Visitor: 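Provided herewith is a single structure, encoded as structure tokens, for subsequent inquiry.
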Amino acid sequence: MNAFVPPVQHGMTVLNREAFKKSVKILGMRVNPKHVGNVMKKLSSELLNQPRLRNVVNGENATKLVLLRQDLRQEDIAKLPKEIKKVIDEENDGFEQHTINLDYDYWTADQIFHAVIPVDDPPASYTQIGHIAHMNLKEEFYPWKHLIGQVILDKNKNITSVVNKTNSIDTTFRFFKMEVLAGEDNMIAQVKESGCRFKFDFSKVYWNSRLQTEHDRLIQKFKKDEYICDVFAGVGPFALPAAKKGAIVYANDLNPASYQWLNENIKLNKITKGISTYNLDGREFIRKAVEDLQATSNDWKTFDHFVMNLPATAMEFLGMQKVQRSSFFTSDANTFLGGLCDRYVSRAVS
């Protein structure tokens, strides 16, 4: 039985840190300080070996106390393998019971949740966006939601707000309604991604830190002087890195908050050219962007890439206007539409 688990507190829904104190008695053997390193090497499998705890502490009479594994008792020493027993017989200056006092600060968040919530797999995962921990709790865990939030806050010093999604994504502006479970009600997050800094109000815009690999994958495909049409740009995870690479970017988002932070992030990253921003419906933007790009030259021009960060419905925005040698991307890692070939942009564009 593992003694290094916190006391079970299944009735607790309001966090009481004092309830997680525990004392564990461990058998230790007194060793000459000069011999400690050699003893620890030879007895490595028999040591305490617990996370965040030392295997050696100060003993009596200027000795060191080497702590043995938690289930080992003095009467068990005779039953140990011959080579292990020989080391103990040669180096041991006497056995001693050592008490380890543990409290709330010692236990991990996952250990606390297992002690409090009577299920095999309690919720412990979250996505971090700057100083914000974003959870998606199932309703069955709502009785413990504030306790869960407070524990995550306590155990992660770089998190100052814990929030929970309270409904599905807004179908128009693509953000979640959320409630603060613990910490400060400050939703202005700052993150670094793809060589850029992003600042935004997480409660009003769409941001998914788990898409960073996908963002980087697509950004690597963009080249200097290529024309990029970012239809659902959000706060700029594709648009800004592309512009910094020297691409010419036309970036749009229907959400006024996303559009505001997109422009703020352009300033934050000191991007002074190569990007134009719009606050339009996607279909209207595609039409407008194609017109605006064509107006920059007397020769035929079109976009090299269309980025549509809305995998579920992106195809609804495509239709009849022919756009030559363009590729189409969604932000779904399994979806790449295009290649350098003739494509058609939606009936709404024609």
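Numbers here are sequence positions counted from 1. All values below come from the heavy atoms of this structure, side chains included, with hydrogens, waters and symmetry mates left out. Being a predicted model, the structure only gives us computed values, none of them experimental.
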Visitor: Would you say the side chain of I26 lies within less than 4.5 Å of the side chain of L48, judging by non-hydrogen atoms?
Guide: yes

Visitor: I'd like to know if the side chain of K21 and the backbone of N101 have a donor-acceptor N/O pair within less than 3.5 Å.
Guide: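 Absent.
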
Visitor: Residues two or more places apart in sequence or in another chain: which of them pass ring-ring contact (aromatic ring centres under 6.0 Å, His included) with Y126?
Guide: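 With neighbours one apart ignored, the set is empty.
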
Visitor: Hey, is the main chain of M187 close enough, under 3.5 Å, to the side chain of K204 for a donor-acceptor pair?
Guide: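 A pair under 3.5 Å: no.
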
Visitor: Quick check for you: to the nearest 0.5 Å, what is the distance between N58 atom CG and L65 atom CG?
Guide: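 If I round to the nearest 0.5 Å, the distance is 9.0 Å.
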
Visitor: Would a 4.5 Å heavy-atom cut-off, applied to side chains only, mark T277 and N279 as touching?
Guide: no

Visitor: Apply side chain to side chain donor-acceptor pair (under 3.5 Å) to Y106 and list each qualifying residue two or more places apart in sequence or on a separate chain.
Guide: none

Visitor: Quick check: is F95 connected to V87 through a chain of hydrophobic side chains (ILVMFWY, heavy atoms under 4.5 Å apart)?
Guide: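 Yes, V87 connects to F95 through the hydrophobic network.
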
Visitor: If you group Ile, Leu, Val, Met, Phe, Trp and Tyr whenever their side-chain heavy atoms sit less than 4.5 Å apart, what else falls in with L268?
Guide: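 Traced through the cluster, L268 reaches no other member.
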
Visitor: If the condition is side chain to side chain contact (heavy atoms under 4.5 Å, CB included), which residues does Q97 pass it with, not counting sequence neighbours?
Guide: K25, L27

Visitor: So how far is it from Q128 CD to I159 CD1, rounded to the nearest 0.5 Å?
Guide: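 Going from CD on Q128 over to CD1 on I159, the span is 4.0 Å.
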
Visitor: Please identify each residue that fulfils side chain to side chain contact (heavy atoms under 4.5 Å, CB included) with H131, with sequence neighbours left out.
Guide: T160, S161, E184, N186

Visitor: For residues P237 and E193, report the shortest heavy-atom separation together with the two atoms involved.
Guide: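 For P237 and E193, the tightest heavy-atom pair comes out as CB-OE2, 4.0 Å.
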
Visitor: How many angstroms lie between atom CG of L43 and atom CD1 of I88, to the nearest 0.5 angstrom?
Guide: 5.5 Å

Visitor: Can you find a pair of side-chain heavy atoms, one from F285 and one from D253, that are under 4.5 Å apart?
Guide: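 Not in contact.
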
Visitor: Provide the closest heavy-atom pair for I286 versus M308 in the form atom of the first, atom of the second, distance.
Guide: CD1-CE, 4.3 Å

Visitor: Could you go through the side-chain hydrogen bond (donor to acceptor under 3.5 Å, both in side chains) check for S209 and W207 one step at a time?
Guide: CA-CA 6 Å; S209 295; W207 181 273; 3.1 Å; yes

Visitor: If I take atom CZ from residue F4 and atom CH2 from residue W107, how far apart are they, to the nearest 0.5 angstrom?
Guide: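 Reported value, rounded in 0.5 Å steps: 7.5 Å.
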
Visitor: If you look only at pairs with a residue in residues 82-91, which of them pass as a salt bridge (Lys or Arg N to Asp or Glu O under 4.0 Å), with sequence neighbours excluded?
Guide: K85-D89

Visitor: With ILVMFWY side chains joined below 4.5 Å, transitively, what does Y259's cluster contain besides itself?
Guide: none

Visitor: Mind checking whether L240 and I275 have side chains closer than 4.5 Å, heavy atoms only?
Guide: yes

Visitor: Are F200 and V191 close enough that some pair of their side-chain heavy atoms sits under 4.5 Å apart?
Guide: yes

Visitor: Decide yes or no for F238 and V249: does some side-chain heavy atom of the first lie under 4.5 Å from some side-chain heavy atom of the second?
Guide: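 Not in contact.
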
Visitor: Please round to the nearest 0.5 Å and tell me the distance separating atom CG of L15 and atom CH2 of W144.
Guide: 14.5 Å

Visitor: Any donor-acceptor pair under 3.5 Å linking the side-chain atoms of D93 with those of T63?
Guide: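 Their side chains do not contain a donor-acceptor pair, so the 3.5 Å distance test is not met.
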
Visitor: Among pairs that include at least one residue of residues 261-280, which meet salt bridge (Lys or Arg N to Asp or Glu O under 4.0 Å), considering only residues two or more places apart or in two chains?
Guide: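 Applying salt bridge (Lys or Arg N to Asp or Glu O under 4.0 Å) to every pair that reaches into residues 261-280, excluding sequence neighbours, yields nothing.
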
Visitor: Would you say the side-chain atoms of S194 pair up with the backbone N or O of C196, donor to acceptor, closer than 3.5 Å?
Guide: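 Checked: no pair found.
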
Visitor: Test D292 against Y278 for side-chain hydrogen bond (donor to acceptor under 3.5 Å, both in side chains), laying out the working first.
Guide: CA-CA 11 Å; D292 288 355; Y278 300 76; 2.7 Å; yes

Visitor: Counting heavy atoms not belonging to N298, are there more than 12 under 6.0 Å from its CG?
Guide: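 12 or below, so no.
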
Visitor: What pair of heavy atoms forms the shortest contact from H114 to P122, and how long is it?
Guide: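 Heavy atoms only, the tightest pair is NE2-CD, 3.4 Å.
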
Visitor: Can any side-chain N or O of D281 pair as donor or acceptor with the backbone N or O of L254 at less than 3.5 Å?
Guide: no

Visitor: I'd like to check P123 versus I117 (side-chain heavy atoms, cut-off strictly below 4.5 Å). Are they in contact?
Guide: yes

Visitor: Indicate every side-chain donor-acceptor pair of residues 224-235 with a distance under 3.5 Å to a residue at least two apart or in another chain.
Guide:
unit_1 : atom_1 : unit_2 : atom_2 : d
E226   : OE1    : K223   : N      : 2.9
E226   : OE1    : H305   : NE2    : 2.9
Y227   : OH     : K301   : NZ     : 2.7

Visitor: Scan residues 148-158 for pairs that pass salt bridge (Lys or Arg N to Asp or Glu O under 4.0 Å), counting only residues two or more places apart or in two chains.
Guide: R17-D154

Visitor: To the nearest 0.5 Å, tell me how far L181 CG sits from H134 NE2.
Guide: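 If I round to the nearest 0.5 Å, the distance is 9.5 Å.
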
Visitor: Tell me, which pairs form a salt bridge (Lys or Arg N to Asp or Glu O under 4.0 Å) where one or both residues lie in residues 116-145, sequence neighbours left out?
Guide: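 Every pair satisfying salt bridge (Lys or Arg N to Asp or Glu O under 4.0 Å) with a residue in residues 116-145: K145-E179.
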
Visitor: Any sub-3.5 Å donor-acceptor pair from K245's side-chain atoms to I219's backbone N or O?
Guide: yes

Visitor: Taking the side chain from D76 and the backbone from R73, do they hold a donor-acceptor pair closer than 3.5 Å?
Guide: yes

Visitor: Considering only residues two or more places apart or on different chains, which pairs with a residue in residues 43-54 satisfy side chain to side chain donor-acceptor pair (under 3.5 Å)?
Guide: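 Sorted pair list: E46-R69, N49-N55.
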
Visitor: Do V8 and V116 sit in the same hydrophobic cluster, where Ile, Leu, Val, Met, Phe, Trp and Tyr count as joined when their side-chain heavy atoms come under 4.5 Å apart?
Guide: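 V8 does not cluster with V116.
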
Visitor: Please examine the side chains of L80 and L72, heavy atoms only from C-beta on, and report whether any two atoms are closer than 4.5 Å.
Guide: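 Contact flag for L72/L80 side chains = yes.
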
